[in-house]
Amino acid sequence: MRKLVAFLALTVSLLSGPSWAEDFLGLALPPQSSAVKSSPDMVELTTALPPEQVRDFYAKLMEGEKDVRLREWAGSHIVEDFGNKPWNKVIISRDGSTQTKVLITKDSWGWIVGMLSLRLAGVFVVLFTLYLATTLATGLLRRAVKEHTKEMV
Amino acid sequence: MDFQEVLDLLNGVFLTTGISHLGWKYLVMWGIAGLFLYLAIAKNFEPLLLLPIGFGIFLVNFPLVPLMGLTPEGHGELIRIFYHYGLEWEVIPCVIFLGLGAMTDFGPLIANPKTMLIGAGAQFGVFVTFAGAVLAGFTLKEAASVGIIGGADGPTTIYLTQHLAPQLLGANALAAYSYMAMVPLIQPPIMRLLTTEEERKIRMTQLRPVSRTEKIFYPLICAAVIAILVPAVTPLMGMFMLGNLMRESKVVGRLSDTAQNDLMNIVTIFLGVSVGATMEGDKFLSYKPLFIFALGMVAFAVCTIGGICTAKIMNLFLKDKINPLIGAAGVSAVPMSARVAQVEGQKYDKRNYLLMHAMGPNLAGVIGTAAAAGMFLAMFE
């Protein structure tokens, strides 16, 4: 009986254990990676490969894709899609730890709206800076001209 | 030579003509070209642009014409060369900005710099349309290039589209220039819808005179701010400010005259014909250009709304109220949308002169659209 229970328990644990597809939303996962966290919107993986190798893996995979961009940020390599792929970006952390963390996120309206709001705010920042610079410069110029005129008188 | 040989000879000659290659797409494109020529010649809508664009469309929509292809030796054909060096190399938009700068008086904007915020608010439509374009199935880069149409700034639209989605250049440029031409038709109903009669009658305090020194310093300040904050559009804005500095310095009158007249006219011819020539029936007659025209209209309308609403929001905090009609001028379309604000204002108060006040947001709109384009370029490149 014990053997039967042990066998059933082993079978159940094997069947219900984590089983990962080789891709997330059509994007291949890096080799030798295992998932840490997963939801329909993202998957977080770790791999023993160094970050540069994971980056090269995706760089090769995305060769010829004109809407995919590779970015180098301070703490991570980023592979971003601006086309119509269902995934949004791959963040490959390079924090110096032995295991490389890879985060793949799904395209979402939250990201698009957030990104657009940020850019619109950016336009305001540019014009507000120009407003401040113009006000300051013209104020200084007018004062200088006034003082110069006073001296002349 | 027997009869069959004569027939073969005639057939050979026939095949070298365009007659055997004609199809319905050519007919449709001739209709579109005819519409542009009609708007330019009979209605006087932006004739400087719509006429060469219309003729460009007409000319390339004949079979076998050697205009936009490559020669057997691999050289570009006539209009393809204009297109390649003018648009693909982004020379024409920048040279047009040089001429525009030489034509522009920044006095109203310097005298009332707070109207710069209206120029920023008017970019709202660019971002709303971006989202709409993504919903319609465009890629993010294409969506950005479609959204920028709302800024009603032809050269900036061409500049951004060439960078992000060159395959949409013809449709985007055409939509931008078409809507610019239709400012007097599109904007007034929106202006009336969003303002009360009291608001339309607001008289703004007269603008202070701006000294020559201020006008000389302004292009330097503006170029520096843009180059630091949105370097991606420095080629455009740098040329704009160079043209303006040439004008305001008053020491290079000949250069300034050339930039705003001869040079501008020359590049306008090449721009118009090249843009028109991108509209070959095979590429143009699909769902995307039609979507672009629809989304361009949305962009333009929402930008107008954004400008008016920003002016109204600013009025909540200002002692000297702004007439919200000038908010509509926050879309670029210089000076057409400023003129529309003036005309609308005078319908309700004959002695209300809004033109110079509206020039402030109008010029801020040019800078705002360039800033929005710079934001997109920074994001995607």
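Each chain gets a letter, A, B and so on, in the order its sequence line appears, and its residues count up from 1. Scope of the values below: all heavy atoms of this structure, side chains included, with no hydrogens, waters or symmetry mates.
- Leu130(A) touches chain B through backbone and side chain together, each having a heavy atom under 4.5 Å away.
- Residue Phe380(B) touches chain A through both its backbone and its side chain, counting heavy-atom pairs closer than 4.5 Å.
- Top candidate by heavy-atom pairs under 4.5 Å with chain A, chosen from Val134(B), Ile228(B), Leu135(B), is Leu135(B).
- If you measure heavy-atom distances from Ile226(B) to chain A, the contacts under 4.5 Å come from the side chain alone.
- Both the backbone and the side chain of Arg119(A) have a heavy atom closer than 4.5 Å to some heavy atom of chain B.
- Proximity to chain B involves both the backbone and the side chain of Leu120(A), based on heavy atoms less than 4.5 angstrom apart.
- Of the charged side-chain nitrogens involved, at least one lies within less than 4.0 Å of a carboxylate oxygen, so that Glu80(A) and Arg71(A) count as a salt-bridged pair.
- For chain A, the nearby parts of Phe127(B) are the backbone and the side chain; heavy atoms of each come within less than 4.5 Å.
- Closest heavy-atom contact between Gln123(B) and Gly151(B): OE1-CA, 4.3 Å.
- Ranked by non-hydrogen atom pairs under 4.5 Å with chain A, the options Val225(B), Val126(B), Thr115(B) are led by Val225(B).
- Between the side chains of Thr139(B) and Asn84(A), no donor N or O sits under 3.5 Å from an acceptor N or O.
- For chain A, no part of Ser211(B) is nearby; none of its heavy atoms comes within less than 4.5 Å.
- A salt bridge links Arg208(B) to Glu214(B): one of the charged nitrogens lies within less than 4.0 Å of a carboxylate oxygen.
- Side-chain atoms of Ser332(B) come within 3.5 Å of backbone atoms of Gly365(B) as a donor-acceptor pair (strictly under, hydrogens ignored).
- Interface remark: Leu117(B) contributes backbone and side-chain atoms alike to the contact with chain A (heavy atom separation under 4.5 Å).
- With hydrogens and angles ignored, the 3.5 Å screen pairs a side-chain donor or acceptor of Tyr58(A) with a backbone N or O of Ala28(A).
- Side-chain atoms of Asn172(B) and Thr157(B) include no donor-acceptor pair closer than 3.5 Å.
- Interface remark: Phe124(B) contributes backbone and side-chain atoms alike to the contact with chain A (heavy atom separation under 4.5 Å).
- No salt bridge links Arg69(A) with Asp81(A); every basic N to acidic carboxylate O contact stays at or beyond 4.0 Å.
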